Amino acid sequence: MNAKPRWLMFVDALSLILFLAAAAMVLFYAPTERMMGEVQRVFYFHVATAWVGMLGFCAAGVAGIAYLRTADLKWDRISLAAVEISLVFFFAAIVQGSVWARPSWGTWWTWDSRLTTAAIVEMVYLAYLLLRQGIDDPERRARFGAIYTLAGFVSVPLTFISIRLLRTIHPVLIASGESTGGMNMTSEMVQTMVFSVITFSFIFVSLMARRVQLGRLAEQVEQARLQAVE
Amino acid sequence: MGRETSSAPASFISAVRAVVWKDLAAELRSRELLSSMLVFALLVVLIFNFALELDPQARLTATPGILWATFVFAGTLGLNRSMAIEKDRGCLDGLLLAPVDRSAIYFGKAISNLAFMVIVETVVLPVYSLLYNVNLFQPGLLLVILLGSVGYAAVGTLLASMAVQTRTRDVLLPILLFPLLIPVLIAAVKASAGFLAGLPLADVAPWLNLLLAYDVIFIAISFMVFDYVVEE
């Protein structure tokens, strides 16, 4: 158990340094956007937090499948950690998006495909946490949790497609044929965005590792308590 | 998982049929599930009538939404009840002891849940048509309702069989179910609206495809994971 914290502390320190660097890049390196002005700077961390949200969402789905195949509680801890982190980061992404949307679109919220899908992802995760809360047996909790993350993993893309069919006004970053409101970014902007995404990926890894470790410790406490009762 | 049974397809189908038959027969005697679903569905329609001020103009746009909200709410009532009966009276344990593939139990429950949904819908549709003077009996709309109900029953049965095994039970089902149902709801409401507005089939086709895809995907997933839901 003590072998890990060394590389973990390294990752922690690295993500802190990267975070400061990314913040500096966002504030000083990236040029001010001509049309939207300073508020556009929120965009870099918005993309990065949304990316972490997606990452955690996928990680939870994959860990769910892994749990069903192996019945190893390690995967359940990973799944729970990923969900909790994703929940927070997706929420942060939504809030930052609102801050940006208010001056740009003139409203805090629209029922656009990405916004709505992000909101529904949050609901799926909250439901996941409520489901876990209602089950005492750790093994069953893990099984049901895995099934639910798997179902969410499949349904959320379908949700996205279905709302996309309705119509969208969210700026499309990775240009596809139909992209209308695409952004023109200078190379400094692209660098800042990519750097932010990498930074937040490191933050994600370090948070994940910490949360999984915490889950393992909680399990040990639980076992120790059971032994003490006996 | 993947336990082989004697003569695979025939015994599988007869096991599914037995579960469906059991549910329908029990319901025919007690009528407790359908009666509460029906009364509840009509109440929802009534509530919408007052909540939305359904003048003729508003009806045109609101009808598909009201119909689907009604089906979805009444459906959770039925799903909860049909699984709770199994759990409370120890029937589920008995079913699980039966030497049949467990996914046969899933399909049996899903089909009987679908049957209850369809029965409720066949009552709600004429009543709604009558009350609001719209003709809801159009083949396209009926197809949408069937496709939507299949997806609903497929996911709903899977989640209900998980929800009954938790401490919060019936409170939990809608919370688990609704976020996963969004694609069905969007597609079904859009397709229903399309058919009611008399749009050409080409405009409605993407929504029908989406419904079909959802149905196939979630039936397949439920088939694969149901063993884990009832595993003890």
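Residue numbers start from 1 in every chain, and the chains themselves are labelled A, B, ... in the order their sequence lines are given, proteins ahead of strands. On a predicted model such as this, the values are computed, not experimentally measured, just so you know.
The minimum heavy-atom distance between B/Gln165 and A/Arg140, with the atom names listed, is O-NH1, 3.2 Å. Taking each heavy atom of A/Arg143 and B/Val229 in turn, the nearest pair found is NH1-O, 3.9 Å. Closest non-hydrogen pair, A/Ser155 versus B/Pro183, comes out as O-CG, 3.7 Å.
Counting heavy-atom pairs under 4.5 Å between each of A/Ala151, A/Ala71, A/Ala119, A/Gly134 and chain B puts A/Gly134 at the top. Counting heavy-atom pairs under 4.5 Å between each of B/Val171, B/Leu176, B/Thr166 and chain A puts B/Leu176 at the top. Chain A forms the most heavy-atom pairs under 4.5 Å with one residue out of B/Ala187, B/Ala163, B/Pro179, and that residue is B/Pro179.
Enclosure of atom CH2 in A/Trp75 is not indicated, since only 12 or fewer non-hydrogen atoms of other residues, nucleotides or ligands lie within 6.0 angstrom. Environment of CZ in B/Phe178: crowded, with over 12 heavy atoms of neighbouring residues, nucleotides or ligands closer than 6.0 Å. Applying the 6.0 Å contact sphere to CZ of B/Phe223 captures no more than 12 heavy atoms from other residues, nucleotides or ligands. With a 6.0 Å radius and a threshold of 12 heavy atoms from other residues, nucleotides or ligands, A/Phe91 has its CZ atom at or below the threshold.
Looking at B/Leu210, only its side chain comes within 4.5 Å of chain A, counting heavy atoms on both sides. Of the atoms belonging to A/Leu130, heavy atoms from both backbone and side chain fall under 4.5 Å from chain B. Contact of B/Leu180 with chain A is made through backbone and side chain together, with heavy-atom distances under 4.5 Å. Heavy-atom distances place the side chain of B/Phe218, and not its backbone, under 4.5 Å from chain A.
Remark: B/Lys22 pairs with B/Glu86 by the side-chain hydrogen bond (donor to acceptor under 3.5 Å, both in side chains) rule, at least two apart or across chains.
In this structure, CZ on A/Phe144 lies 10.5 Å from CG on B/Leu172, to the nearest 0.5 angstrom. For the atom pair A/Ile65 CD1 and B/Met224 CE, the distance stands at 8.5 Å (nearest 0.5 Å). In this structure, CG in A/Leu158 is found 12.0 Å from CG in B/Leu181, a value given to the nearest 0.5 Å. Atom CD of A/Gln133 and atom OG1 of B/Thr168 lie 8.0 Å apart (nearest 0.5 Å). Note that CZ of A/Phe160 is 15.0 Å distant from CD1 of B/Ile182, once rounded to the nearest 0.5 Å. Between atom CD1 of residue B/Ile186 and atom OG1 of residue A/Thr116 there is a gap of 7.5 Å, rounded to the nearest 0.5 Å.
Of all residues spanning residues 144-160 of chain B, those with a heavy atom less than 4.5 Å away from chain A's heavy atoms are B/Leu158, B/Leu159, arranged by number.
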Begin with the C-alpha distance, continue with both residues' side-chain angles, and end with the deciding distance and a verdict on side chain to side chain contact (heavy atoms under 4.5 Å, CB included) for B/Arg167 and A/Ile135. CA-CA 6 Å; B/Arg167 231 183 300 118; A/Ile135 309 171; over 6 Å; no
